[in-house]
Structures are given as C-alpha cells and as structure tokens.
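Input: a single structure, listed below in structure tokens.
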There are 4 protein chains.
Amino acid sequence: MTQNASGSGKVSKRAQAQRERILAAAQKCFVEYGFHAASMASISEAAGMSPGLIYRYFENKDSIILAIIERQLEEGRANIAALRADTDLKPGIIDLFRSWQQNYPDAMSAPLFLEMTVEASRNPQIAEALQATDAVIRNDFTAWMKRTCASNGIHLSDEEVQWRAFSLKCFIEGLAIRAVREPDLDMSVLHNSLKAMLPLLLPLPDKAGD
Amino acid sequence: MTQNASGSGKVSKRAQAQRERILAAAQKCFVEYGFHAASMASISEAAGMSPGLIYRYFENKDSIILAIIERQLEEGRANIAALRADTDLKPGIIDLFRSWQQNYPDAMSAPLFLEMTVEASRNPQIAEALQATDAVIRNDFTAWMKRTCASNGIHLSDEEVQWRAFSLKCFIEGLAIRAVREPDLDMSVLHNSLKAMLPLLLPLPDKAGD
Amino acid sequence: MTQNASGSGKVSKRAQAQRERILAAAQKCFVEYGFHAASMASISEAAGMSPGLIYRYFENKDSIILAIIERQLEEGRANIAALRADTDLKPGIIDLFRSWQQNYPDAMSAPLFLEMTVEASRNPQIAEALQATDAVIRNDFTAWMKRTCASNGIHLSDEEVQWRAFSLKCFIEGLAIRAVREPDLDMSVLHNSLKAMLPLLLPLPDKAGD
Amino acid sequence: MTQNASGSGKVSKRAQAQRERILAAAQKCFVEYGFHAASMASISEAAGMSPGLIYRYFENKDSIILAIIERQLEEGRANIAALRADTDLKPGIIDLFRSWQQNYPDAMSAPLFLEMTVEASRNPQIAEALQATDAVIRNDFTAWMKRTCASNGIHLSDEEVQWRAFSLKCFIEGLAIRAVREPDLDMSVLHNSLKAMLPLLLPLPDKAGD
DNA sequence: AATGAATGAGCCTTCATTCAT
DNA sequence: TATGAATGAAGGCTCATTCAT
C-alpha cells in the first residue's frame with residue numbers, strides 16, 4: 001500500500017484537495033442518481049478525472065459513500081452547534097425545507113439524507129457511523145434546548161427536554177420525507193404548523209409578530 | 001406485444017393471482033435487500049417461478065417497484081380508513097414503531113418506506129403515484145381527525161386541523177427514520193413523547209390510565 | 001442461488017455438456033496464455049458463448065482453474081491406473097515427452113502442469129487438491145512398481161520401492177521442465193537416459209532388443 | 001529515446017547500481033507473488049524508489065522479468081562452475097531442496113524457477129535465453145561430471161556422461177516440483193533416494209559414512 | 001403458460017505506463 | 001535524476017432482459 005487511500009497519517013494539501021474534488025463530484029452524482037445508480041465512471045467524470053485516480057484517494061465506492069455520510073453528519077453537528085440560545089428555529093426550518101424541496105446538488109439533500117438512512121439498514125459500517133453521530137447530535141440539540149429554555153426563565157426536567165427534543169427531531173426529519181414527496185406543497189401549511197407546533201415543543205415567551 | 005404486461009385491459013383471474021404472487025415475493029426481497037440490491041432472480045425464486053415468467057406479468061423491474069409502491073400506498077390508505085373516531089393513536093404508533101425497528105419481511109418496512117420516497121425523487125412516475133396517494137391519505141387523515149375531535153366535543157377550524165394532521169404525519173414519518181437509525185432506542189423516550197405530544201396535536205379529553 | 005455453479009447436487013446432461021465445453025475452452029486458453037493471462041472473455045469466445053453464461057456453470061475463474069487441475073489430476077491417476085504389471089514404461093515416457101514438447105492445446109500440457117504447480121504455492125485450495133491427488137498417485141505408482149517387480153520375481157522392501165518410485169517420479173516430472181526449455185532436444189539423449197536409467201530404478205529382467 | 005532502458009551501449013556505474021536495486025526488489029516480489037501478481041508498484045516500493053523511475057532503467061515489466069531470468073541463469077551457471085571435482089552432491093541437493101521448500105524470498109525459489117520455465121513457453125525471447133543458458137549449464141555440468149569421474153579413476157564415454165548428466169538434471173529439477181507440491185515431505189524419502197540414486201548416476205568409490 | 005439457458009451491456013476495480021514537475 | 005499523480009485499457013463479474021423450447 002503506497003497510497004493513502006484510507007485516512008491514516010498525514011495527507012498532502014493536494015491530496016486533500018483531490019479528496020474534496022471527488023467528494024463534491026460524488027455528492028452531486030449521489031444526489032442525482034442515488035448511491036447505487038451513481039457509477040464510479042459518472043463520479044470520475046463529474047470530478048474531471050480518470051476512474052483509476054479515484055482509487056488513489058478512496059479505497060472503493062463504499063468508502064466514498066461513507067465519507068459523504070460522515071461529511072453530512074459533521075455538517076449536521078455544525079448546524080446544531082451553531083445554534084445560539086436565542087435562535088428562532090422557525091426560519092431555519094423553513095429554509096431547510098425549501099432547500100430539501102429544491103434538491104440542490106451541492107447542499108444537504110433530502111433524498112440523500114433518506115438514502116443514507118436506508119443504507120444504514122443494510123451496511124453495518126454506515127449504521128454505526130449514523131448511530132454515533134446521531135447520539136452526539138441528540139445531546140447537542142438537547143443541551144441547546146435546555147439552555148435556551150433556561151435563558152428564557154423556563155426550567156424543564158431532563159425527561160421533559162428529552163421528549164421535546166426527540167419529538168422536534170422527528171418532526172423535522174419527517175419534513176425531509178414531506179419535502180421529497182410533496183415538492184410543491186403549499187408552504188402555508190408548513191408555516192401554520194411551525195407557528196403552532198414550535199411553541200408547544202419550545203415553550204418560549206412570545207416574540208412579537210410572525 | 002402479446003402480453004398484457006402493462007395493466008391495460010381485462011386481466012384473467014389467474015393473471016391477477018400470478019401478479020400477487022410476484023408482488024408478495026418482490027416485497028419480501030425488497031424489504032430484505034432494498035429495491036436495487038434485490039435481483040429479479042431472487043424475486044423469481046421467492047415467487048417459486050422462473051425469471052422469464054415474471055416478464056409476462058410485469059414489463060420490467062421498475063414496474064414491479066411501482067406496483068409495490070402502489071400497493072403500499074393502498075395499504076396506507078386502508079390503515080387510515082380503518083381508523084375509528086374514538087381510536088387511541090398511541091398504541092398503534094408504538095406498534096408501528098416496533099415493527100419498523102424489527103424490519104419484518106412481510107409487513108410494512110421502514111427502510112422500504114424510505115426507499116420508496118427516495119425513488120420518487122428520481123422516477124417521475126413514482127413521484128406522481130406518491131403525490132396522488134399522499135393527497136388522499138392526507139384528506140382521509142384530516143377528515144378522521146376532524147371527526148374524532150368533533151365526536152369529542154371539540155371543534156377546530158379547517159386550518160387548525162390541517163396543521164395538526166400535517167404535524168402528526170411528519171412526526172410519525174420521522175419515527176420511521178428514527179426506527180432505522182436507532183434500532184435499539186430506549187422505548188421510554190418514545191412513550192414519553194407520545195404521551196406528551198399526542199395531546200398537543202389531538203386535544204381530546206383525558207382517558208384514564210397510561 | 002438458483003444456479004448450480006458449484007458442484008452440489010444433480011446436474012442435468014446439458015449442464016454437464018456445457019461445463020465440458022467451458023473446460024475444454026479454458027484448457028485451450030490456459031495452455032495458450034497461462035492461467036492469469038487467459039481472460040474470461042477469451043475463454044467464453046473459445047467456448048462459443050457469452051461471458052455471463054460461464055458463471056452459470058462456474059462460480060468464478062479460480063474454480064475453472066481448479067476444475068481444470070482436478071481434471072488433469074484424474075487423468076494422471078487414470079494413466080497410472082492403466083499401467084499393467086508388464087508395461088514397459090519407456091515408450092510411454094517418450095510419448096509423454098514428445099507431447100510435452102509439442103504442447104498440444106487439448107492434451108496434457110507441460111507448461112500447464114508447471115503452472116498448476118506454481119499456482120499451488122500461492123493458492124491453498126489448489127495446493128490442497130494437488131497434495132491430495134499426488135498422495136494417491138504416489139501410492140498407486142508405488143503399488144504398481146511393487147506388483148511389477150514381484151511378478152518378475154524381484155522382491156523389494158517397502159523402503160526400496162519408495163525411493164525408486166520417488167526418483168522415477170522426479171525424473172519424469174523433470175522431463176516436463178526439459179520439454180519446455182528444450183523443445184528441440186535431441187531425442188537420442190532421452191532414449192539413452194531411459195535405456196540406462198530405467199533398469200536402474202526398475203530392475204526387471206532384460207527384454208530383448210531396444 | 002533518451003533513456004538507455006534497453007541494455008545497449010555504455011552504462012554508468014550508478015545506473016548499474018540502480019538496476020541492481022530494482023532487480024533485487026523485483027526478485028523478492030516475484031518470489032512472493034509470482035511474475036504476474038507482482039505489481040510494478042510493489043517492486044518500486046521494495047526498491048525504495050518511485051514507479052516512474054523504474055522505467056528509466058527498464059523498458060517495461062517484461063524486461064525486468066527477462067533480466068531476472070538472465071540473472072538466475074547466471075547464478076545457476078556460477079553454481080555449476082563452483083563445483084569442485086571432489087564435491088559430494090548429496091548435501092548440496094538436500095540444502096537446495098530444503099531452501100525450495102521454504103521458499104526464501106532472496107534465494108533461488110522453486111516456484112520462480114518453474115514460472116521462469118513456463119514463461120519460456122509463451123515468450124520467445126525468454127525461451128531463447130533459457131535455451132542458451134541451459135546449453136552452457138549442461139556442458140559445464142557434463143564436464144564437471146567427466147572430470148570428477150576421471151579424478152576418481154572412472155572413465156566414461158561421452159555418451160555415458162551425457163545421459164547421466166541429463167538424468168541427474170531431470171531428477172534435481174523434478175525435485176523443484178516436489179518441493180512445491182509437497183512442502184512437508186518426509187525428508188527421509190529424499191535421503192534414501194539420494195543415497196541410492198546418486199551412486200547409480202555418479203559411480204564414485206564409496207566415501208565412508210552417510 | 002412456463003422454463004431457464006443465454007445474452008451483453010455495464011459495473012467496480014487494478015495496474016502497467018506516462019508525464020508534468 | 002527522480003517523483004508520484006494521472007491515465008485508461010482491460011479484467012472479472014452481475015443481472016435485467018430475451019428467447020428457443
């Protein structure tokens with residue numbers, strides 16, 4: 001093994017850039033065709049390189065999938081981490097939903113998110129990655145919620161925070177499904193839901209206006 | 001074209017039975033391996049017939065997938081239709097979640113449900129089928145909710161029913177994702193969520209017990 | 001697994017014939033190009049069938065190699081078994097050597113025999129097959145030698161028969177190497193060697209003439 | 001052609017050293033994996049240089065194989081040349097056999113020897129090299145045998161020496177095959193064979209002991 | 001109606017070789 | 001000289017689909 005196909009040891013800047021190039025291309029292809037329908041040839045073409053070269057940077061197709069997934073997960077964690085105590089979730093969720101409906105090839109993609117999930121049910125390695133990150137995300141999110149409530153003078157028991165965070169997560173992830181299945185859903189439904197639901201789960205004092 | 005592979009025109013009883021056999025086999029295989037990893041060979045074996053014969057009843061693999069999806073959708077509609085005004089959703093949802101976690105080969109399967117959804121983002125025919133049925137289901141479900149509230153003396157505006165139904169749907173579908181990603185989730189979280197969430201969305205008078 | 005790719009269970013006559021066709025083609029290609037340089041495409045072409053079809057009858061290329069090897073081994077055993085107590089080895093060996101020098105694509109081939117041997121040093125499965133058959137062949141050959149000597153009134157101890165059989169085997173197999181490396185060896189050398197060597201190892205009473 | 005990849009013309013000392021480094025590495029790899037399974041990458045790694053550099057010293061992989069073969073042949077000739085008139089072959093052969101069974105990565109390797117031979121049956125250039133050297137070796141060996149016998153007071157006709165040398169060569173080369181196919185052969189068989197065979201071919205007066 | 005043998009395009013992957021640096 | 005990134009032609013294998021029987 002001369003290549004640094006698997007992520008051990010130092011990697012040159014160029015190598016990092018190439019990996020990025022491949023991952024970007026792969027993401028595009030995965031979004032467009034799905035994990036399995038996307039061929040290595042299509043990825044290499046999208047990345048503007050020969051098929052063989054990909055294998056200098058990734059051991060095989062699966063490990064590209066895994067890298068994409070880990071990347072998405074980190075992004076998810078970053079999003080949670082970026083939440084401030086006084087963040088209003090509503091606009092963020094609406095944006096998220098919109099981007100899901102549009103299915104942008106570069107951004108977080110709802111089909112990809114769902115496919116990731118499905119993949120976990122067949123590929124233990126992916127299942128593990130997902131579980132690990134989901135646990136982190138859950139904790140981060142729960143912590144954020146607790147903090148947010150606290151800073152608004154509301155004190156909730158751990159159990160209470162837990163079910164609220166869980167429910168909200170389910171709701172938001174359920175939106176991924178809706179975004180795919182109803183690409184032209186009347187947004188007012190979502191607005192209404194958020195306006196009514198969110199306060200139920202995050203019982204913060206009213207902000208003025210909508 | 002001698003075959004009636006596509007569903008136009010009269011179809012003999014035998015043909016219907018054969019289609020059923022194939023669909024049942026396909027469903028089993030799809031649940032076990034996923035749409036794409038399941039091979040026609042595995043389906044034909046599960047159906048106890050030759051691969052060639054399948055093509056007398058279905059034009060190709062995609063149309064089997066389509067048929068499976070339509071079937072699932074009908075089942076979904078039937079489930080909604082079977083709801084009675086006084087149904088308590090909680091046990092049903094818990095059962096559903098459990099079956100999702102177990103990934104039973106015959107029953108509704110969470111990964112399959114998600115894969116169906118993903119498929120819609122690439123296959124317009126499937127997208128259409130999903131949209132059409134989701135619309136029906138939404139109506140049915142909303143109607144059920146309205147009826148149920150009414151029969152409990154609670155009167156909600158259309159808009160109100162709508163966001164509640166939508167939210168509940170998202171929550172439940174979000175559970176499908178959780179079921180796959182956290183196959184060994186502590187059920188108490190779910191119990192707590194349902195105990196607290198459900199009344200928020202379905203403001204029925206308290207039943208005694210749990 | 002619908003196919004009977006591996007040799008378990010009953011196999012139809014047609015299947016047997018196909019396997020034969022493939023093995024014959026493979027043997028031809030292996031002789032011509034070697035195990036590794038012979039491609040599945042070349043084999044399928046030689047067999048007059050599509051590449052995919054081969055996999056209905058053989059699990060993979062390795063198992064074709066293995067089958068070829070087992071076939072050769074059986075042939076070797078059959079040759080030993082066909083020896084009669086009064087067989088004169090000399091003409092048989094000379095014929096063998098000649099056929100080796102010619103490298104006929106259908107018959108036993110010296111390069112193939114050598115390649116089989118090399119392969120054993122890297123592929124444990126093949127090593128095992130070779131060892132198993134070599135043991136049988138050794139026994140058969142030793143038994144034949146003992147019988148032959150006995151029927152000529154010569155009684156040798158087990159140990160004596162053993163080293164003679166071993167030496168003769170080495171000599172003959174060494175001829176395979178010579179046949180490949182000296183395709184136009186002056187046959188008189190071989191004749192002389194056999195005339196002088198053979199009696200040393202197989203001390204039978206003189207037959208008249210050469 | 002700027003490179004002196006093919007061995008024509010003057011070559012600098014450094015170039016010679018580099019070639020040596022490559023050949024040593026190649027030999028190691030060939031012994032370990034075989035000619036075809038050994039990749040240029042593995043060779044370059046073993047040689048501690050980049051793959052590209054190898055092509056400055058060798059035109060392609062085949063010419064490395066050829067060089068290795070020529071090297072082995074020279075070694076073989078050297079071994080023969082090193083024989084002294086009074087050498088007792090037995091311990092040498094036993095050592096040889098042992099080293100073959102062990103398949104040492106640096107020393108002469110039985111599989112490699114066989115693979116070399118096989119290669120000759122497909123590559124005329126190699127065939128030629130082998131034939132040429134085998135002729136030399138045969139002469140050297142025959143000469144040594146004649147000398148040895150003479151110095152022991154035994155006079156053999158040319159023809160007699162010839163068949164004895166030939167037979168002995170076949171026997172020894174046959175041992176290479178046995179070494180690969182029976183890596184755990186009971187050495188006593190070999191001892192017995194040599195004790196009995198060798199005097200038959202090399203009719204020297206008895207030395208005391210075994 | 002049914003079989004299952006047969007096809008062949010296409011997939012992932014490897015590796016000898018080249019070339020910009 | 002030397003590097004090692006890059007190429008691209010195969011190679012082994014799979015599988016949806018067809019077709020002779």
Side-chain angles (χ1 to χ4, degrees), chain A residues 2-5 12 14-15 17-18 36-44 47-62 64, chain B residues 2-3 5 12 14-15 18 36-45 48-64, chain C residues 2-5 12 14-15 17-18 36-44 47-64, chain D residues 2-3 5 12 14-15 18 36-45 47-64:
Chain A
T2 316
Q3 295 126 293
N4 35 19
S12 79
R14 165 149 198 94
Q18 291 287 62
H36 296 294
S39 70
M40 290 302 280
S42 72
I43 294 174
S44 76
M49 62 177 66
S50 68
L53 188 52
I54 294 183
Y55 289 84
R56 175 176 285 273
Y57 301 103
F58 292 92
E59 207 163 7
N60 50 33
K61 193 182 172 183
D62 267 15
I64 297 183
Chain B
T2 7
Q3 297 126 293
S12 78
R14 164 152 194 86
Q18 292 285 61
H36 297 292
S39 68
M40 291 299 280
S42 73
I43 295 174
S44 77
E45 193 183 19
M49 63 176 64
S50 67
L53 191 51
I54 293 183
Y55 286 83
R56 179 170 293 274
Y57 300 103
F58 292 91
E59 204 166 1
N60 50 32
K61 194 181 172 184
D62 269 11
S63 68
I64 297 183
Chain C
T2 316
Q3 295 127 289
N4 35 18
S12 77
R14 165 150 199 92
Q18 291 286 62
H36 296 293
S39 69
M40 290 301 283
S42 73
I43 295 174
S44 75
M49 60 177 66
S50 66
L53 188 52
I54 294 183
Y55 291 85
R56 177 176 285 274
Y57 301 103
F58 292 92
E59 208 164 3
N60 51 33
K61 193 182 171 184
D62 266 15
S63 70
I64 297 183
Chain D
T2 7
Q3 297 127 293
S12 79
R14 164 153 195 85
Q18 291 285 61
H36 297 292
S39 68
M40 291 299 279
S42 73
I43 295 173
S44 78
E45 194 182 19
M49 62 176 65
S50 67
L53 190 51
I54 293 183
Y55 287 82
R56 180 170 291 275
Y57 301 102
F58 292 92
E59 204 168 1
N60 52 31
K61 194 181 172 184
D62 269 11
S63 67
I64 296 183

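A, B, ... follow the sequence lines: proteins, then strands. Residue 1 opens every chain.
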Here DNA chain E, pairs taken as Watson-Crick or G-U under 3.5 Å and shown with ( ), [ ] when crossing and | when to another strand, reads .||||||||||||||||||||
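- Distances from the side chain of Q18(B) to the nucleotides dA6(E), dA2(E), dG4(F) place dA2(E) closest.
- Listed pair Y57(B) / dA2(E) meets the phosphate criterion, a side-chain N or O lying under 4.0 Å from OP1 or OP2.
- Per the geometry, CZ belonging to R56(D) stands 11 Å off C1' belonging to dT3(F), to the nearest Å.
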Could you run down the sub-3.5 Å N/O contacts of the protein with nucleotides 17-21 of chain E?
| unit_1 | atom_1 | unit_2 | atom_2 | d |
| --- | --- | --- | --- | --- |
| dT17(E) | OP2 | Y55(D) | OH | 3.0 |
| dT17(E) | OP2 | K61(D) | N | 3.0 |

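- The side-chain contact (heavy atoms from CB on, under 4.5 Å) test applied to S39(A) returns A41(A), S42(A), not counting sequence neighbours.
- Nearest heavy atoms, S44(B) versus S50(B): CB-C, 3.8 Å.
- Between S50(B) and the phosphate of dG4(E), there is no side-chain N or O to OP1/OP2 separation shorter than 4.0 Å.
- DNA chain E is contacted by both M49(C) and G48(B); G48(B) maps to the nucleotide lying nearer its 5′ end (nearest heavy atom per residue).
- Computed from coordinates, the I54(C) CD1 to dT7(E) P distance equals 10 Å when rounded to whole Å.
- In this structure, CD1 of I43(C) is placed 12 Å from C1' of dG11(F), rounded to the nearest angstrom.
- Across all strands, A37(B) comes closer than 4.0 Å to no nucleic acid atom at all (heavy-atom distances).
- Nearest-nucleotide positions on DNA chain F for S39(C) and H36(B) put S39(C) closer to the 5' end.
- Rounding to the nearest 0.5 Å places CD1 of I43(D) at 11.0 Å from CE of M49(D).
- For the residue pair N60(B) and Y55(B), the shortest heavy atom distance occurs at CA-CE2, 3.9 Å.
- The structure places OH of Y57(A) at 6.0 Å from CZ of R14(A), a figure rounded to the nearest 0.5 Å.
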